[in-house]
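Only this structure's heavy atoms are used, side chains among them; waters, hydrogens and symmetry mates stay out. Each chain gets a letter, A, B and so on, in the order its sequence line appears, and its residues count up from 1.
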Amino acid sequence: MCSPALEAVGSRMEKILLEIYDSLYKAFGPLHWWPGETPFEVSIGAILTQNTAWTNVEKAINRLKEHNLLSPECIRDIDINLLGEMIRSSGYYNQKAKKLKAFVDFLFLQYEGSMELMKETEMWTLRHELLQVNGIGMETADSIILYACYKPIFVVDAYTRRFLSRHKLIEEDAGYTHIQKLFMNNLPSDVAIYNEYHALIVQLGKELCSKTLPRCNICPLFVVITPFMGFFLAETIGVEETETEPVEVE
DNA sequence: ATCCTGTAAA
DNA sequence: TTTACGGGAT
């Protein structure tokens with residue numbers, strides 16, 4: 001941001017993003033995501049939860065725990081088909097067994113199987129490395145960096161794109177990196193805030209800003225983004241957008 | 001654009 | 001009986 005105009009846009013966006021955060025926090029927070037779990041367990045969870053409900057991931061993780069398999073060494077050494085059986089409940093179990101193997105192989109190759117050692121790597125360098133691992137895309141890499149390594153990177157997901165798009169803060173087809181920059185360029189670089197913000201967005205997406213039948217009537221963001229309310233109402237409630245007539249809500 | 005796949009809510 | 005899920009690879 002160098003011109004005064006862009007700077008003004010940036011500061012306004014900062015205000016909006018903080019306002020959204022406050023509203024979501026008052027409604028849902030604090031969510032304390034991944035509390036009391038080891039960085040390794042968080043990483044495994046980040047892979048297993050790909051396009052899968054978290055409740056199904058918990059079962060898989062508990063199963064690994066019960067069998068004392070939740071360590072880099074055990075995941076590395078276990079038969080891949082048996083591993084698949086252990087994590088069956090998380091879906092895509094054959095692919096995910098392969099992905100878990102790929103992750104621990106990387107962990108041993110680069111960091112002697114130590115998450116602590118991995119954590120010492122600079123954030124963007126680590127991200128670049130993780131993206132080379134088969135089965136780890138941008139969202140999973142960022143989840144590991146934020147929730148397992150406690151580094152200030154913002155996690156973007158389908159919920160994030162959906163609610164921002166509905167509020168006309170991004171284009172519907174905005175890319176991952178664009179959305180990530182929107183947050184990271186307009187918010188303080190703070191692990192605790194990025195942690196809670198993403199968790200709050202997920203909660204919003206699941207409970208209210210759902211794919212079909214979003215419950216806008218009870219949404220904490222209903223009154224937040226005033227300049228965009230016209231678009232917001234038009235798209236989510238199905239009212240025709242007009243130039244002159246203000247939209248009426250009961 | 002399709003495939004990978006179990007689970008639970010709608 | 002569908003729908004959606006804390007995606008990624010091909």
Side chain of [X] only, please: which of [options] is the nearest?
X	options	result
A:K211	C:dG7, C:dC5, B:dT7	C:dC5
A:W34	C:dC5, C:dG8, C:dG6	C:dG6
A:K99	C:dC5, C:dG6, C:dG8	C:dG8

Considering just the side-chain nitrogens and oxygens of [X], establish if one lies under 4.0 Å of OP1 or OP2 belonging to [N].
X	N	result
A:R162	C:dC5	yes
A:Y159	C:dC5	yes
A:N94	B:dT5	yes
A:T52	B:dT5	no
A:T212	C:dT3	no

Of A:Y92 and A:K59, whose nearest nucleotide on DNA chain B comes first from the 5' end? A:Y92
If the threshold is 4.0 Å, N to carboxylate O, is there a salt bridge linking A:R76 and A:E73? no
Is it true that A:K119 and A:E116 have a side-chain N and a carboxylate O under 4.0 angstrom from each other? yes
B:dA1 and C:dG6: how far apart are their P atoms, nearest whole angstrom? 24 Å
Taking the P atom in each of C:dG8 and B:dT7, what is the distance between them to the nearest angstrom? 22 Å
Under 4.0 Å, heavy atoms only, any strand: does [X] hit a base, just the sugar-phosphate, or nothing?
X	value
A:I201	nothing
A:E139	sugar-phosphate
A:K206	base

Nearest whole Å is fine: how far is [N] [atom2] from [X] [atom1]?
X	N	atom1	atom2	answer
A:D142	C:dG7	CG	P	13 Å
A:W54	C:dG7	CH2	C1'	14 Å
A:I153	C:dG6	CD1	P	21 Å
A:N195	C:dG6	CG	C1'	13 Å
A:I136	C:dT10	CD1	P	14 Å
A:L130	C:dG7	CG	P	17 Å
A:E207	B:dA9	CD	C1'	14 Å
A:I87	B:dC4	CD1	C1'	12 Å

Toward the 5' end of DNA chain C, by each residue's nearest nucleotide, A:G135 or A:A46: A:A46
Would you say A:W33 stacks on C:dG6, if stacking means ring centres under 5.5 Å apart and planes within less than 30 degrees? yes
Just wondering, do A:Y93 and B:dG6 stack (centres under 5.5 Å, planes under 30°)? no
Does NE2 in A:H67 sit with more than 12 non-hydrogen atoms of other residues, nucleotides or ligands closer than 6.0 Å? yes
Would a single hydrophobic cluster contain both A:Y92 and A:I61, if residues Ile, Leu, Val, Met, Phe, Trp and Tyr are joined by side-chain heavy-atom contacts under 4.5 Å? no
Within one Ile-Leu-Val-Met-Phe-Trp-Tyr cluster: A:F106 and A:W124, side-chain cutoff 4.5 Å: yes
Side chains of A:K99 and A:T140 only: does a donor on one sit below 3.5 Å from an acceptor on the other? no
